[in-house]
Amino acid sequence: MSEKNRGDGNRSARERLQQQRERDKAREKQRRVLIVSAAVVGVLGLAAVVGVIAAGGDKNSGSDKAGPVVAPTAATAEDGKPAIPTGKADAPSTLAVWEDFRCPACAQFENVMRDTVHELEASGALKVDYHLATLIDGNMGGSGSLRAANAAACAQDAGKFTAYHDTLYVNQPPETDDAYGKNAKLIELAAKVPGLDTPAFRSCVNDGTHDSWVKKSHEAFQNGGFRGTPSVLLNGESIFPTKGNEQISPANLKKWVAEANKGKKPGTASPSAG
C-alpha cells in the first residue's frame with residue numbers, strides 16, 4: 001500500500017471514529033434530557049429513582065365531556081392546588097407530593113418511602129398533601145392516570161384513600177400497559193382494601209365522579225413549573241431527588257423533618273379523612 005493510500009485510510013478510520021463518538025455523545029445527551037431526576041437509595045438496594053419528564057400537554061385534558069368539578073371528601077385547594085391531605089391536620093411539617101399512578105418513578109418513591117412517611121404521620125410530625133397528575137396519559141396516550149386518580153378520589157370519599165393509594169402503587173402495571181385505564185381493574189384492586197368495594201365506590205369509579213377535579217389538579221401541576229413526577233417538597237422546598245447535597249432516603253427524610261420541627265409540638269388533631 002502506498003503512503004498516500006495508507007494516510008487516506010488512517011484519516012478515514014479517524015473520521016469514522018470521530019463520527020461514532022459524536023453519535024454516542026448525541027445519544028447520551030438525549031438520555032440525560034429524558035431523565036428528570038435520579039436518586040440512589042443505597043440502603044434499600046434501589047439503584048435509581050427516575051422521574052418522568054413533563055413534556056407536552058395532557059391529550060385528555062381537552063375533553064368536551066368534562067362535568068362539574070366534584071372534589072372528594074375533605075380535599076383542599078390551597079393556592080389553587082387541589083390535594084388530598086393525610087396525617088394530622090396540625091402537624092408542624094407538610095410534605096407535598098405531585099404524582100401519577102402510572103409513573104414508575106412515583107411507584108419507586110412510594111414503595112421505598114411509604115413506611116417512613118406513615119411513621120412520621122402517625123407520630124404527628126408530618127402531614128402529606130397528595131396532588132394527582134395525569135402526565136403519562138398525555139405523554140403516552142391512554143387514560144390510566146386519570147381513571148386511577150378518580151378511583152383514588154373515590155376511595156377518599158370512603159375514608160380509604162391511604163390504603164387504596166398504596167395498593168395502586170404496589171400493583172402498578174408496566175408504564176406502557178394502560179391497565180389502569182379499565183375501571184374493572186381498579187375495582188378489582190379495591191377488593192384488597194377491606195370495606196372499599198361497595199356499590200357507592202363502584203358507582204363513583206364507573207361514573208368518573210371526580211374526573212374534572214383530577215383534571216383541575218393536573219392543570220395546577222402544569223402551571224406549577226414542575227419538571228416531572230414525582231415532585232416532592234418538604235415545607236415548600238424540593239427534596240427529590242436531593243435536598244442540598246443530600247440524597248433522599250428514609251433516614252434523611254426523618255432527619256430533615258426533625259430539623260424542621262425542632263422546638264415545635266407534634267400534631268394532635270384528628271387524622272385527615274382517608
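- Ser203 places no side-chain N or O within donor-acceptor distance of the main-chain N or O of Pro199, the cut-off being under 3.5 Å.
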> Do Leu234 and Val257 pass the side-chain contact (heavy atoms from CB on, under 4.5 Å) test, and can you show the C-alpha distance, the side-chain angles, and the key distance before you say yes or no?
Replying inline: CA-CA 8 Å; Leu234 177 62; Val257 171; 4.2 Å; yes
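- Between Thr209 and Val70, the closest heavy-atom pair is O-CB, 3.6 Å.
- Asn252 places no side-chain N or O within donor-acceptor distance of the main-chain N or O of Ile248, the cut-off being under 3.5 Å.
- Here the side chain of Glu99 pairs no donor or acceptor atom with the backbone of Ser231 at under 3.5 angstrom.
- Across all non-hydrogen atoms, the minimal contact from Asp129 to Pro85 is OD1-CB, 3.6 Å.
- By the salt bridge (charged side-chain N to carboxylate O under 4.0 Å, His left out) test, Lys255 pairs with Glu246, sequence neighbours left out.
- The salt bridge (charged side-chain N to carboxylate O under 4.0 Å, His left out) search around Lys216 returns none, not counting sequence neighbours.
- Under a 3.5 Å cut-off, the side chain of Lys264 and the backbone N or O of Pro92 do not form any donor-acceptor pair.
- Evaluation of the side-chain hydrogen bond (donor to acceptor under 3.5 Å, both in side chains) rule for Asp157 yields Thr73, His210 as partners, not counting sequence neighbours.
- Residues passing the side-chain hydrogen bond (donor to acceptor under 3.5 Å, both in side chains) test with Asp211 are Arg147, sequence neighbours excluded.
- Listed by chain and residue number, nothing satisfies the salt bridge (charged side-chain N to carboxylate O under 4.0 Å, His left out) test with Glu78 (two or more places apart in sequence, or in another chain).
- A donor-acceptor distance shorter than 3.5 angstrom exists from the side chain of Lys88 to the backbone of Ala122, with no hydrogens or angles considered.
- Atom CG of Asn111 sits about 8.5 Å away from atom CG of Asp166, to the nearest 0.5 Å.
- Using a distance-only test at 3.5 Å, with no hydrogens or angles considered, no donor-acceptor pair links the side chain of Thr94 to the main chain of Lys127.
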> What's the verdict on side-chain contact (heavy atoms from CB on, under 4.5 Å) for Leu126 and Asn261, showing C-alpha distance, side-chain angles and the deciding distance?
Replying inline: CA-CA 9 Å; Leu126 185 72; Asn261 291 356; 6.0 Å; no
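- The side-chain hydrogen bond (donor to acceptor under 3.5 Å, both in side chains) check on Glu121 picks up Thr86, His118, with sequence neighbours excluded.
- For Asp90 against Ala269, the heavy-atom pair with the smallest separation is OD1-N, 3.0 Å.
- For the ring-ring contact (aromatic ring centres under 6.0 Å, His included) condition, the pairs that include at least one residue of residues 128-148, sequence neighbours left out, are Trp98-His131, Tyr130-Phe161, Tyr130-His165.
- Within the structure, every pair that satisfies the disulfide (SG to SG under 2.5 Å) test and touches residues 133-188, not counting sequence neighbours, is listed here: Cys154-Cys204.
- Taking all atoms of both residues into account, the shortest heavy-atom contact from Asn150 to Val214 is N-CG2, 3.8 Å.
- Between the OG1 atom of Thr116 and the CG atom of Leu253 there is a distance of 6.5 Å, given to the nearest 0.5 Å.
- In this structure, the separation between CH2 on Trp213 and CD on Gln156 is 8.0 Å, given to the nearest 0.5 Å.
- In this structure the side chain of Glu175 never reaches within 4.5 angstrom of the side chain of Cys103, judged on heavy atoms.
- Taking all atoms of both residues into account, the shortest heavy-atom contact from Phe221 to Gly228 is CE1-O, 3.9 Å.
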>> One pair to check against side-chain contact (heavy atoms from CB on, under 4.5 Å): Glu110 and Val117. What are the steps and the verdict?
In response: CA-CA 9 Å; Glu110 289 293 341; Val117 170; over 6 Å; no
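- A distance of 9.0 Å separates OG1 of Thr134 from CD of Glu219, quoted to the nearest 0.5 Å.
- Here ring-ring contact (aromatic ring centres under 6.0 Å, His included) pairs that include residues 170-208, with residues two or more places apart or in two chains, are Tyr164-Phe201.
- For the residue pair Phe101 and Ala148, the shortest heavy atom distance occurs at CB-CB, 3.7 Å.
- Taking 4.5 Å as the limit, every side-chain heavy atom of His218 sits out of range of all side-chain heavy atoms of Leu132.
- Applying the disulfide (SG to SG under 2.5 Å) definition to pairs two or more places apart or across chains, none involves residues 164-197.
- In terms of the side-chain contact (heavy atoms from CB on, under 4.5 Å) criterion, residue partners of Ser123 (sequence neighbours excluded) are, by chain and number, Ala125.
- Looking only at distances, a side-chain donor or acceptor of Asp100 sits under 3.5 Å from a matching main-chain atom of Ile136.
- Listed by chain and residue number, Ser93 satisfy the side-chain hydrogen bond (donor to acceptor under 3.5 Å, both in side chains) test with Asn235 (two or more places apart in sequence, or in another chain).
- A donor-acceptor contact shorter than 3.5 Å is absent between the side chain of Asp177 and the backbone of Pro173.
- For the atom pair CG (Leu135) and CE (Met140), the distance works out to 10.5 Å, reported to the nearest 0.5 Å.
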> After noting the C-alpha distance and the side-chain angles of Asn171 and Lys192, does the key distance pass the side-chain contact (heavy atoms from CB on, under 4.5 Å) rule?
Replying inline: CA-CA 11 Å; Asn171 294 277; Lys192 296 179 179 291; 3.8 Å; yes
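- Looking at Tyr169 and Arg114, their side chains come closer than 4.5 Å, going by heavy atoms from C-beta outward.
- With rounding to the nearest 0.5 Å, the separation of OG in Ser238 from CZ in Arg227 is 9.0 Å.
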